[in-house]
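The next block holds one structure in the form of structure tokens; read it before the comments.
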Amino acid sequence: MVNADVAAMFNDVADLLELQGASVFRIRAYRNAARMLGDLGQSVQALMEQGKDLDALPGIGADLAQKITTIVHTGKCPLLEQLRAQVPPGVVELLRIPGIGPRRARALQQALGIRTLEDVQRAIADGRLRKVRGFGLKTQQRISESITARRQADQRFRLPMAMEVAATQLASLSAEPGVLQVQAAGSLRRRRDTVGDIDLVAAVRPGSTVTRRFAAAPGVTTVLAKGPTRASVVLANGMQVDLRCVPAESFGAALLYFTGSKNHNIALRQRALDAGLKLNEYGLYRGDRRIAGDTEASVYEALGLPLIEPELRESRGEIEAALDHRLPDLITLDALKGDLHTHTRDSDGGDTLATMAQAARTRGWEYMAVTDHSSRLALAHGLDAGRLAQQIDRIDALNERLRGFVVLKGIEVDILPDGSLDLPDDILSRLDLVVGAVHSAFDLPRERQTDRLLRAMDHRSFSILAHPTARLIGDRAPCEIDLQRVIRKARERGCFLELNAQPTRLDLNDVACRMAKDEGVLLSIASDAHNTLDFEHLRYGIGQARRGWLGPGDVLNTRSLEALRTLLAGTIEKLPSGSSCRAVTQVPLPMP
DNA sequence: GCCGTTTTCGGCCCGACTGTTTTCAGTCG
């Protein structure tokens with residue numbers, strides 16, 4: 001039983017309570033608890049085994065602590081089973097349709113016995129829904145369209161597409177008369193790994209009619225809402241874009257509000273109330289007088305806080321950290337001094353060794369590691385020991401010619417299902433670094449998958465675990481692994497984990513990055529570039545790293561070449577005794 | 001259902017837009 005299982009049960013309870021018309025605060029308590037468990041970074045089961053009190057966790061009181069204990073022990077949540085017995089299966093699905101909330105879902109079920117989306121569409125088609133109070137023609141049409149859209153569309157989009165769409169919208173809005181300033185907010189600004197819709201905030205002159213033209217722009221297929229200050233549209237590519245317009249003096253407050261997260265806003269507003277103030281998207285008010293709001297910083301300052309970076313606004317302790325003056329100094333792209341995971345034409349890359357090196361050098365870096373695939377990945381034309389040896393010679397020759405830049409010799413070696421590495425030890429020991437990765441047997445049971453990684457990390461040449469969970473966003477779920485054990489193993493071994501910056505991977509994710517930071521394990525933020533353009537992926541990786549509270553000191557490839565070499569050498573020197581790996585140089589153990 | 005040096009009870013963020021409810025509930029963000 002892992003946190004995600006408990007969280008899923010609590011979310012199900014919240015859905016069902018919603019359908020029953022329970023108190024919104026009770027529902028929120030379950031949702032908050034579910035979210036907290038997902039973000040926690042350590043397993044509740046482990047906490048219980050250590051004898052820790054669960055009700056010390058934020059949002060967990062006596063009741064939820066008891067329920068968590070029961071779920072961990074029995075795998076069951078009695079309340080959930082009871083609620084499920086009261087609500088026909090399928091009705092919960094209705095809540096996922098925009099336009100159907102708990103009241104309408106209940107009305108559908110009670111008046112017409114509707115349980116599924118198909119039932120809804122039939123009832124619309126044969127006119128039965130018209131007789132139900134609260135379902136006018138427009139509402140029916142909206143619901144019908146939402147159901148169709150849901151069938152076709154993936155609900156969340158990856159960052160590159162979201163950023164491109166946002167950039168296009170921002171460009172056209174900036175050119176609108178009456179628009180003084182416009183910026184993207186929402187989860188895009190917080191750099192979440194996927195984005196559900198795009199939120200734009202504009203400062204406009206009084207009387208601006210920009211929402212009207214925004215909703216009538218080419219590319220808009222559906223107008224969900226349109227008023228004088230806000231409009232919501234769906235574009236032909238399926239993406240929803242929301243525009244909110246405010247006067248210039250409210251721009252900061254509006255940006256703050258529409259950047260979220262929702263829970264961060266709730267916490268800020270509560271803090272305002274505690275100080276006898278009121279915070280909304282127009283500003284921070286004492287009575288009727290606005291005391292802040294033109295910039296985000298002005299609002300934070302008036303609430304006694306330093307500016308909290310958007311990536312931290314997830315209600316994961318950032319406000320408390322701000323009050324204690326221990327907000328992290330977040331990493332930036334220009335802090336990187338090199339890239340430790342790249343490919344060339346020798347395996348499945350598109351550019352030559354020399355071209356990649358030149359592009360990396362042009363970025364102002366000190367180094368770049370070439371880490372082509374190993375032979376197991378035949379699809380990628382992976383290197384066997386012989387071809388790798390040739391590549392090593394070519395890199396040596398290239399380094400002779402380069403000035404002020406070094407190509408490090410590496411490999412992205414397959415971690416085989418038994419945890420062994422896909423190349424012989426003698427060739428691996430000639431490399432500057434060995435990046436290990438899983439590219440097969442993704443569905444091993446949790447225990448075996450974890451053991452596989454731990455065994456690989458015990459190899460004397462192992463340096464960095466690449467894309468540790470092997471997830472592909474929207475395509476492949478993360479492997480089942482005990483991340484806490486993997487992180488602790490890395491600390492023990494002195495080796496490192498990767499934050500793969502490919503926008504389809506972003507692996508480790510934000511929460512896992514923070515776990516690694518908390519355990520003192522450095523991360524390699526790596527582009528996994530397969531051509532020179534892919535170095536641009538790093539900005540997505542930086543976004544996730546910032547969400548994981550990482551500073552420059554938490555990242556391996558902010559180090560100078562000299563410091564990096566020392567750290568990489570440490571992965572070998574800390575080899576524990578009794579390892580299954582072949583020892584080339586035996587390190588004497590200190591006597592007790 | 002949680003939480004608390006103003007509270008162990010009575011709070012719990014706040015506003016826009018839509019539709020059909022002739023004065024506001026439902027939904028969303």
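For the numbers below, each heavy atom of this structure counts, side chains included, while hydrogens, waters and symmetry mates do not. Letters A, B, ... mirror the listed sequences (proteins, then strands); counts begin at 1.
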Mind telling me whether A:F10 and A:Y30 have parallel, tilted or perpendicular rings, with 30° and 60° as the class edges?
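If you compare the ring of A:Y30 with that of A:F10, the planes turn out perpendicular.
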
Please check this pair: side chain of A:S208 against backbone of A:V210, looking for a donor-acceptor N/O pair closer than 3.5 Å.
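Side chain of A:S208 to backbone of A:V210: a pair is present.
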
Are any side-chain N or O atoms of A:D507 and backbone N or O atoms of A:T469, one a donor and one an acceptor, separated by less than 3.5 Å?
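Side chain of A:D507 to backbone of A:T469: a pair is present.
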
Give me the distance, rounded to whole Å, that separates [N] from [M] when you measure between the [atom1] atoms they each carry.
N      : M      : atom1 : result
B:dC2  : B:dC13 : P     : 16 Å
B:dC17 : B:dT23 : P     : 23 Å
B:dT20 : B:dC28 : P     : 15 Å
B:dC9  : B:dA16 : C1'   : 33 Å
B:dT7  : B:dG11 : P     : 14 Å
B:dG4  : B:dT8  : P     : 13 Å

Please confirm whether A:R269 makes a cation-pi placement over A:Y257, using NZ or CZ under 6.0 Å from the six-membered ring centre and within 45° of the ring normal.
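A:R269 over A:Y257 ring: yes.
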
For [X] and [N], what is the distance between atoms [atom1] and [atom2] respectively, to the nearest whole Å?
X      : N      : atom1 : atom2 : answer
A:R31  : B:dG29 : CZ    : P     : 14 Å
A:L94  : B:dG26 : CG    : P     : 17 Å
A:L243 : B:dA16 : CG    : C1'   : 13 Å
A:R212 : B:dC17 : CZ    : C1'   : 16 Å
A:R104 : B:dA25 : CZ    : C1'   : 9 Å
A:F214 : B:dC17 : CZ    : C1'   : 15 Å
A:M36  : B:dG1  : CE    : C1'   : 13 Å
A:L224 : B:dC17 : CG    : P     : 14 Å

My understanding is that only residues two or more places apart in sequence, or in another chain, count here; which of them pass salt bridge (Lys or Arg N to Asp or Glu O under 4.0 Å) with A:E296?
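Result, salt bridge (Lys or Arg N to Asp or Glu O under 4.0 Å) vs A:E296: A:R189, A:R313.
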
What's the base orientation of B:dT5: syn (chi within 90° of 0) or anti?
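Base orientation relative to the sugar is anti.
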
Under 4.0 Å between a Lys/Arg side-chain N and an Asp/Glu carboxylate O for A:R471 and A:D193?
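Looking at A:D193 together with A:R471, the answer is yes, because their closest N to O distance falls below 4.0 Å.
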
Any ion pair linking A:D510 and A:R514 (charged N to carboxylate O, less than 4.0 Å)?
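Result for this pair is no, no salt bridge flagged.
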
Check every strand shown and say whether A:I60 touches a base, only sugar-phosphate, or nothing at a heavy-atom separation below 4.0 Å.
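Sugar-phosphate contact only - A:I60 comes under 4.0 Å of backbone atoms but never of a base.
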
Within the structure shown, what part of the strands sits under 4.0 Å from A:G99 by heavy-atom distance: base, sugar-phosphate, or nothing?
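A:G99: backbone/sugar contact only, no base atoms under 4.0 Å.
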
Might you list the N or O atoms of the protein lying below 3.5 Å from N or O atoms in nucleotides 8-15 of chain B, with each pair's distance?
residue: B:dC13; atom: OP1; partner: A:R28; partner atom: NH1; Å: 3.0
residue: B:dC13; atom: OP1; partner: A:R28; partner atom: NH2; Å: 3.2
residue: B:dC13; atom: OP2; partner: A:R28; partner atom: NH1; Å: 3.2
residue: B:dC13; atom: O2; partner: A:R269; partner atom: NH1; Å: 2.8
residue: B:dC14; atom: O4'; partner: A:R269; partner atom: NH1; Å: 2.6
residue: B:dG15; atom: OP1; partner: A:K278; partner atom: NZ; Å: 3.0
residue: B:dG15; atom: OP1; partner: A:N280; partner atom: ND2; Å: 3.3

Only pairs with both distances under 3.5 Å count, Watson-Crick or wobble alike; so what is the partner of B:dT18 in this structure?
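The answer is B:dA25, by the H-bond criterion.
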
Sole residue of A:R128, A:R130, A:R122 in side-chain hydrogen bond (donor to acceptor under 3.5 Å, both in side chains) with A:D126:
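Looking at A:R128, A:R130, A:R122, the match for A:D126 under the side-chain hydrogen bond (donor to acceptor under 3.5 Å, both in side chains) is A:R128.
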
OP1 or OP2 of B:dC17 under 4.0 Å from side-chain N/O of A:S232
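Checking A:S232 against B:dC17: no side-chain N or O falls below 4.0 Å of OP1 or OP2.
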
First encountered from the 5' end of DNA chain B, between A:P228 and A:R26:
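Going by which nucleotide is closer to the 5' end, it is A:R26.
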
